[in-house]
Amino acid sequence: MAQTIPVAVSGPFPRSLDYLPPETDTPPVVGARVRVPLGRRQMVGMVTGPPRDPGLAGHRLRQITQVLDLQPLLDSELLGLISWSARYYHHPIGDCIATALPARLRQGYPAEPASETRWQLTPAGDEADIEALRRRAPRQAALLDALRSTDDLPAGQLAGLGGDARGALQRLVERGYATAVERADYGLITGRGTEGAPALNPEQAQATSALQPGAGHQVTLVDGVTGSGKTEVYLDAIARATAMGLQSLVIVPEIGLTPQLVSRFQARLSAKIAVLHSGLADGERLNAWLAAGSGAADVIIGTRSAVFAPLRRPGLIIVDEEHDASLKQQEGFRYSARDLAVMRAHRLECPIAMGTATPSLESLANARAGRYTHYRLTERAGNARPPQLRLLDMRGQPTTEGLSAPLLSTVRQHLDNDGQVLLFLNRRGFSPTLICHECGWLAECDRCDARYTYHRGRSRLHCHHCDRETPVPAVCPSCNSVDLRPLGLGTERIEGALQTALPDTPMVRIDRDSTRQRGRFEQHMAAAQRGEAQLLLGTQMLAKGHHLPAVTLVAIINADQGLFGADFRSPERLAQLVIQVAGRAGRAERAGEVVIQTHQPEHPLLQTLIHGGYPAFAEAALTEREAAGLPPARAMALIRAEAPGQTAPLNFLKAAAATLPTDSSVEVLGPYPSPMERRAGRYRAQLMLQANQRGTLQALLTDWLPGVSALPMARRVRWSVDVDPAEML
DNA sequence: ATCTGCATCATG
DNA sequence: ATGATGCAGATG
């Protein structure tokens, strides 16, 4: 029987498909892309293994049409990681590979970087009599001089040599003195490395000593309060990796965080830096990806999918803000970049650092179990004092638009002392609801189980779940009353209230609405940093990693909304948010004050956070999860299903649950409708599976899911598996 | 008789 | 996923 080649193609195929070797091309190597027929289409696929005996006997086999890569595009390390994650997350292998590749490569473009024409001296040019030339052709001579002083000249630099150098160059080429060479242009950022490294404090030195590129695998949790210099720890380790000729891969949660980190790396490191994120054009992304794989880049910094960047000479992996939920992909291939980074470091036998001021409970549990080494950075640079957290009891207080009188007077005090004030409210728009004062009608989205958010500036109702927008009705659709009133607080409303309460105080509002246009976020942030705006008001955009050294007061306007979330992770998210926002205050000499407005000042979560800080909160939360049998104490997977009709998702999940083995130790919950059952016109439901051991759950999923796919009802719903879900919604 | 929409099926 | 196929009901 003829041997076949396993090829992964995107589609609902849990494993690679078998194809016969190509007619004319030489057989592809493992990790090469190939063009293959599938049905009546041609697809780009990836060779995932050596030739084998076909799994399906008597099946009509088809042939590889074309081999697209002569060299492997994915080496065995990366292909191994992707295959592992396809199995772990129970997602089709072709889709996983597609996630790992830049769009251009997915589409079958050649794996070649952009290139640039450069002009180089030939041996004849080296020996040419430049003085003789100088008299008759001074321009050519000058050009020859320039070529002799460097390895090569980029085409773009010719203009700088005065006059039209193109003709002269043409003559030099004709004489055989110069020649054009094409050189790869990866678009890398060149680190200047001009800025010196500050001396590390003992805590930093200890953490960085655990990060030894080349000395085997170790996971280091760098748990450092805001301002404690986590980045210095990264920089120290990266510099050592670079000096050893090894690459560093740095994963950050959001694009917003990349520019600052990049400029800091650029100032400090003598290294070539590649940036990989979704904001890049297809070509730029391809270049950066190839720079990582060719070894042209020393440092690769990128978002989630950068965990799949190819590495020619891997030495170190860093995950920044490891607690951040956006490291987990929330649709399709639902992988965790943080967890895969750890797995990759393990397979590469290289060190990995995970940094945060508010460690995830998962990482803390791993540290407790001895799998990660936990380093705490408690000293803040430049004698900055830790901010003081204080609860402000809202009960019975007079308020104007959600701002209590005591809060307003604290704000005034800080403003009078030339302090900057940051007000945080995690809700954009004017109000989260619009209600009829006559009959109680609520403006609800007709495609979701949710209320519209009222945006007064745009005079629109906007559903934040499905993005639907409608004009604000002039009268109540139910009773024709004109008395429609905003209910609840958003940043837009607070902004108005502040303008009334504190006229003449320059203020900026920073949320998704006020920063919609390109560059507005940076613009606002710069105004804040220069001190032009004394009042800063915003959503969680404000909480992430920006230095605001003049801020002396941070106020969290409504902590209560995070206290009673549907998700078992809501408390953890709230605690992280509070600490992250609080971290914006008092970074310079002046100690910061943090005020948290709440109607629940006795709430144990807030009490623990105020008196014991994040470590005490995390300790308590871990104990709670233990008692409740929730992650990270146990392993969890969700089977999600959705369809236009209400019953189909639940029926499918019931049918699926009915095929579960009864003798398994895996606990089954549901199926039940999702917390927000209807979203964007589709009904959603889920089935929860839990086990004490990851392996138990994995084994069950592996045995059980193929049968679930084969259920007739599986074709009538859209369904997916979420291993280690980050959100229960 | 032909068209249209939807469910079902196969893809190596 | 995506495209092919078959069938039921609608259509001038």
Side-chain angles (χ1 to χ4, degrees), chain A residues 1-25 27-69 79 82-83 85-87 89-103 105-108 305 329-335 639-652 655-656 680-684 705-722:
Chain A
M1 159 99 62
Q3 294 240 299
T4 57
I5 294 168
V7 177
V9 292
S10 78
F13 314 106
R15 308 252 153 256
S16 297
L17 305 181
D18 286 308
Y19 284 89
L20 293 167
E23 187 110 315
T24 46
D25 288 352
V29 294
V30 176
R33 289 169 303 158
V34 288
R35 228 179 267 285
V36 291
L38 182 72
R40 59 177 48 215
R41 291 179 304 159
Q42 286 286 321
M43 311 274 282
V44 175
M46 168 70 58
V47 177
T48 54
R52 63 183 183 187
D53 293 322
L56 274 125
H59 196 278
R60 180 176 78 108
L61 286 167
R62 300 176 79 184
Q63 207 165 31
I64 290 171
T65 316
Q66 189 192 4
V67 175
L68 293 169
D69 301 300
L79 203 50
I82 299 168
S83 306
S85 47
R87 285 190 301 273
Y89 290 104
H90 299 275
H91 195 78
I93 177 77
D95 249 26
C96 299
I97 289 172
T99 302
L101 294 178
L105 296 180
R106 221 155 46 217
Q107 292 152 10
S305 66
Q329 182 141 310
Q330 287 297 355
E331 55 185 51
F333 176 23
R334 295 172 173 257
Y335 65 100
I639 316 299
R640 305 163 183 276
E642 57 168 75
Q646 187 164 23
T647 50
L650 281 166
N651 286 340
F652 159 67
R682 302 176 69 85
Y683 289 87
R684 308 174 310 148
L705 287 172
V708 174
S709 314
L711 289 172
M713 268 186 270
R715 308 192 144 275
R716 265 167 253 143
V717 299
R718 200 187 284 171
W719 68 284
S720 63
V721 184
D722 193 349

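Remember, it's a predicted structure, so these values are computed and weren't measured experimentally.
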Plane angle bin for A:His91 and A:Phe333 - parallel if under 30°, tilted between 30 and 60°, otherwise perpendicular: parallel
Sugar-phosphate, base or nothing in reach of A:Pro37, heavy atoms under 4.0 Å: sugar-phosphate
Under-4.0 Å side-chain N/O to phosphate OP1/OP2 contact, A:Arg40 with C:dG3: no
Gap between atoms CE and P, on A:Met43 and C:dT2 respectively (whole Å): 8 Å
Nucleotide forming a Watson-Crick or wobble pair with C:dG12, both distances under 3.5 Å: none
Nearest-angstrom distance from the residue atom CD of A:Glu331 to P of C:dA1: 12 Å
Rounded interatomic separation in angstrom, taking CE from A:Met713 and P from B:dT8: 11 Å
Rounded distance in Å - CD1 (A:Ile93) to P (B:dG12): 19 Å
Greater than 12 external heavy atoms within 6.0 Å of A:Glu23's CD: no
Value in whole Å for how far the P atom of B:dA10 lies from CG of A:Leu38: 14 Å
Whole angstrom value for the distance that separates C1' of C:dA1 from CZ of A:Arg106: 14 Å
Minimum-distance nucleotide to A:Arg715 side chain [options: B:dA10, C:dG3, B:dG12]: B:dA10
Whole-Å distance separating the CZ atom of A:Phe333 from the P atom of C:dA1: 16 Å
Test item: A:Val708 and A:Phe652 side chains (from C-beta on) under 4.5 Å apart, heavy atoms: yes
Phosphate OP1/OP2 of B:dG12 contacted by A:Arg60 side-chain N/O (<4.0 Å): yes
Interatomic distance where CG belongs to A:Leu17 and P belongs to C:dA1 [whole Å]: 16 Å
B:dT8 phosphate, OP1 or OP2, under 4.0 Å from A:Arg716 side-chain N/O: yes
Residue A:Arg15 excluded, over 12 heavy atoms near CZ under 6.0 Å: no
Touch class at under 4.0 angstrom, heavy-atom based, for A:Ser16 against every strand present: base
Check: A:Arg106 side chain, A:Leu101 main-chain N or O, donor-acceptor pair, under 3.5 Å: yes
For nucleotides 7-9 of chain C, which of its nitrogen or oxygen atoms have a protein nitrogen or oxygen under 3.5 Å away, and what is each distance?
none

Expected output: side-chain A:Arg33 to main-chain A:Leu105 donor-acceptor under 3.5 Å: yes
A:Leu17 and A:Leu38, any side-chain heavy atoms less than 4.5 Å apart: yes
